Number of protein chains: 2
Amino acid sequence: MPAAGRPKKPKATARPLTRIQREKQDTILEAALEVFSAHGFRGATIDQIAEVAGMSKPNLLYYFPRKEEIYRRLISELLVTWLAPLREMDEEGDPFTEIRSYIRRKLEMARDFPRESRLFANEMLRGAPHIEDMIAIDLKALVDEKAKVLLAWMEQGKIARTDPYHLIFSIWATTQHYADFDVQVRAVLGKDRGGEGRFEDAARYLEHLFMHGLTPRPHSGSTT
Amino acid sequence: MPAAGRPKKPKATARPLTRIQREKQDTILEAALEVFSAHGFRGATIDQIAEVAGMSKPNLLYYFPRKEEIYRRLISELLVTWLAPLREMDEEGDPFTEIRSYIRRKLEMARDFPRESRLFANEMLRGAPHIEDMIAIDLKALVDEKAKVLLAWMEQGKIARTDPYHLIFSIWATTQHYADFDVQVRAVLGKDRGGEGRFEDAARYLEHLFMHGLTPRPHSGSTT
DNA sequence: GCTAGATTTTTCCAACTGGTCAAAAATCTT
DNA sequence: AAGATTTTTGACCAGTTGGAAAAATCTAGC
C-alpha cells in the first residue's frame, strides 16, 4: 500500500483559469447572487443555486468546493463595487453637487442592483460574520477619509456643520431602504404610486431632505 | 373500520390558558426572538430556540406545534408595537415637535429593541412572506392616514412641502439603520465613538438633518 | 485515433432538521 | 390519597442538505 496521498486539488502549477472555468464561475456567481440575496446564506441551498445556474450540484461543487466559498467570493467582490460611489466623492468638487450625485448614485444602485443591496443588508443583519475585518479596516478607512472631506467642507462653511459619519450613515440608510424594504415601500405606496416612478420621487424627496430639511422655504404665501 | 378520527387537539372547551402555559409561551417567544432575529427564519432551528428557552424540543413543540407558528405569532405581535410611535403622531400637536419626538422614539426603539428591528428587517428583506396582507392593509392604512396629517401641515405652511410618504420612509430608514446595521455603525465609528453615545450623536444629527438639511445656517462667520 | 487532463454525472452518505408518539413524571382536583 | 389532567421526556423517523467518491464523458494536443 503505497502511502501516496492522492492530491485532491491538482493545483500543481496553478493554471491561470481557462475560458470555460471563468464562464462557469460567473454563471454560478450570478445564480448564487440570485439565491443568496433571496434566502440568505443558510436559507439558500446548493441545489437551488445549481438549478438556477443550470447545472448539477456536484458539477457546481467542482468549481466551488464549498458553499461558503461562493458566498464569500460574492460578498467580498460586492463590497468593492458597493463602495465605489463613496470613493468617487471628490473633495475638489462643489460640496452640494458632490453630495447630491453621491445620493443619486446610491439610489440608482438600489434601483438597479437590489439583489446586491439585499445580500449586503443580510450580511450586516447577521453581524457581518464573513466580512468583519473588511468593514473594520477597509470600510472604516474609506469612511474616515470621506468624513474628513465632509468636515473640511463644513469648516469652510460650505455645508452645515453636522456629524459627517452620521451624515454618511443617513445617506446609506435612506437610499438602500428602497432596495432592502422594497416590498414595504411598494405596499405602502400602492398600485398607483408604487411603480417605477417611485425612484424618481425618492430622488426628489431625498434631494430636498438633504438640501433643506423640513424647514419651510420662505416663499409660500399665507394659508387658510 | 370505525371512521372515528381521534381528535389530536383536545380543544374541547378551549380552556383559557393556564398560568404555566402563559409563562412558557412567553419564555419560548423571548427565546425565539433571540434566535430568529439572529439567524432568520430558516437559519434558526427549533433545537436552538428550545435550548435558549431552557427546555427540550418536544416540550417546546407541545406549546407551539409548528416552528412557523412561533414565528408568525412573534412577528404579528411585533408589527403592532413597531408602529405604535407612528400612531402617536398627533395632528393637533406642533408639527416640528411631533416629528422630532417621532424620530426620537423610533431611535429609542432601535436602541432598546434591536432584535425586534432585525427580525422585522429580515422579514422585509425576504419579501415579507408572512405578513404580506398586514403590510398591504393595516400598515398602508396607517401610513396613508399619517401622510394626510403631514400633508395638512404642509398645506398650512408649517413644514416644508415634500412627499409625505418618502418622509416617513426616510425616518424609518435612518432610525432603524442603527439597529439593523449596528455592526457596521460600530465598526466605522471605531472604539472611541462607537460606544453607547452613538445614539445620542445620531439623535442630534437626525434632528439637524430633518430640521435643516445640509444648508448652512446663516451665523457662522467667514472662513480662511 | 490515442491519451492525459479536464469536466460532468451517478451514486451515495452522514449530519441535521422539523416533527411524531407513547410513556413517564408532575401537577391539579376532589 | 386516588384519579384525572397537564407537562415533560426519550426514542424515533422521514426528508433535506452539504459534500465525497468514483465512474463516465469530453477535449486538446500529439
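In what follows, every chain begins at residue 1, and chains take the letters A, B, ... in the order their sequences are listed. Just so you know, these numbers come straight off a predicted model, no measurement behind them.
- The aromatic rings of Trp82(A) and Phe120(A) lie tilted to each other, with the angle between the two planes from 30° to 60°.
- Counting to the nearest Å, the P atom of dT5(D) and the CD atom of Gln21(B) are 15 Å from each other.
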Sub-3.5 Å pairs of nitrogen or oxygen atoms, protein against nucleotides 8-10 of chain C:
{"from": "dT8(C)", "atom 1": "OP1", "to": "Lys24(A)", "atom 2": "NZ", "distance (Å)": "2.8"}
{"from": "dT8(C)", "atom 1": "OP2", "to": "Asn59(A)", "atom 2": "ND2", "distance (Å)": "3.3"}
{"from": "dT8(C)", "atom 1": "OP2", "to": "Tyr63(A)", "atom 2": "OH", "distance (Å)": "2.6"}
{"from": "dT8(C)", "atom 1": "O5'", "to": "Asn59(A)", "atom 2": "OD1", "distance (Å)": "3.4"}

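- Computed from coordinates, the Leu61(B) CG to dG10(D) P distance equals 15 Å when rounded to whole Å.
- Nucleotide dT7(D) holds its P atom 11 Å from the CD atom of Glu23(B), rounded to whole Å.
- Atom CG in Asp47(B) sits roughly 14 Å away from atom C1' in dT20(C) (whole-Å rounding).
- For the pair Ile49(A) CD1 and dT17(D) P, the computed distance is 12 Å after rounding to whole Å.
- Between Phe36(A) atom CZ and dT17(D) atom C1' there is a gap of 13 Å when expressed in whole angstrom units.
- Checking each of Glu51(B), Lys24(B), Met55(B) against Leu60(B) for a side-chain contact (heavy atoms from CB on, under 4.5 Å) leaves exactly one that passes, namely Met55(B).
- Between His208(A) and Tyr205(A), the distance separating the two ring centers is not shorter than 6.0 angstrom.
- Phosphate proximity of dG18(C) to Arg66(B): absent, as no side-chain N or O sits under 4.0 Å from OP1 or OP2.
- The aromatic ring centres of Tyr178(A) and His166(B) sit less than 6.0 Å apart.
- Enclosure of atom CD in Glu108(A) by more than 12 non-hydrogen atoms of other residues, nucleotides or ligands within 6.0 angstrom is indicated.
- Distance, Arg42(B) CZ to dT17(C) P: 11 Å, rounded to whole Å.
- Residue contacts for Ala50(B): at a heavy-atom cut-off of 4.0 Å it reaches no nucleic acid atom on any strand shown.
- Atom pair Gln48(A):CD and dG18(D):C1' shows a separation of 13 Å (rounding to whole Å applied).
- With respect to Leu125(B), the side-chain contact (heavy atoms from CB on, under 4.5 Å) criterion is satisfied by exactly one of Val183(A), Asn122(A), Leu119(A): Asn122(A).
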